[in-house]
Peer 1: 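Quick one: this structure, given as structure tokens, is what I'll be asking you about.
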Amino acid sequence: MTGTSILPANAQGCLSNREIQEAVSSGQIKSLDQVLREAGVDSSQSVLSVQVCDQGGGLIYIIGVLSPSGEAQNLVLNAQ
């Protein structure tokens, strides 16, 4: 490993929380706040869960959100 690439730690191809923090700190991926802002997700939606996973060689955020009306959905957003 060269130190510039973070490989998924588990069988599902998703990063651990620590690996996500390291990837954001190193600039490999955008912060959660940045991707939510860029996607137009407003602050009235509650974030329930966050994963960063490899999809076809690129990293994506899979974010579970809850709308003010109580509707839950998963957002899939580019992390890079």
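Heavy-atom basis, side chains included; hydrogens, waters and symmetry copies ignored.
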Peer 1: If you measure from OG on Ser43 to CG on Asp33, what distance do you get to the nearest 0.5 Å?
Peer 2: 11.0 Å
Peer 1: Nearest heavy-atom pair of Gln51 and Cys14: which atoms, and what distance?
Peer 2: NE2-SG, 4.1 Å
Peer 1: Given 3.5 Å as the limit, does a donor-acceptor pair link the side chain of Gln45 with the main chain of Asp42, or not?
Peer 2: no
Peer 1: Looking at every non-hydrogen atom in both residues, tell me the closest pair between Leu59 and Asn78 and how far apart they are.
Peer 2: O-OD1, 3.5 Å
Peer 1: Taking CD in Gln34 as the centre, count heavy atoms belonging to other residues, nucleotides or ligands within less than 6.0 Å. Is the count above 12?
Peer 2: yes
Peer 1: Calculate, to the nearest 0.5 Å, the distance between atoms OG and CD belonging to Ser16 and Glu22 respectively.
Peer 2: 7.0 Å
Peer 1: Assigning hydrophobic clusters by single linkage (Ile, Leu, Val, Met, Phe, Trp, Tyr; side-chain heavy-atom cutoff under 4.5 Å), is Val35 placed with Val52?
Peer 2: yes
Peer 1: Should Val50 and Ile60 be counted in the same cluster of Ile, Leu, Val, Met, Phe, Trp and Tyr side chains packed under 4.5 Å apart?
Peer 2: no
Peer 1: I'd like to check the side-chain hydrogen bond (donor to acceptor under 3.5 Å, both in side chains) partners of Ser25; sequence neighbours left out, ordered by chain and number.
Peer 2: none
Peer 1: Pair Val47, Val41 - check side chain to side chain contact (heavy atoms under 4.5 Å, CB included), show working.
Peer 2: CA-CA 10 Å; Val47 174; Val41 177; over 6 Å; no
Peer 1: Side-chain donor-acceptor contacts of residues 61-77 below 3.5 Å, not counting sequence neighbours, with atom names and distances?
Peer 2:
from	atom 1	to	atom 2	distance (Å)
Tyr61	OH	Lys30	O	2.6
Tyr61	OH	Leu32	N	3.3
Ser67	OG	Ser69	N	3.4
Ser67	OG	Ser69	OG	2.9
Ser67	OG	Glu71	N	3.1
Ser67	OG	Glu71	O	3.4

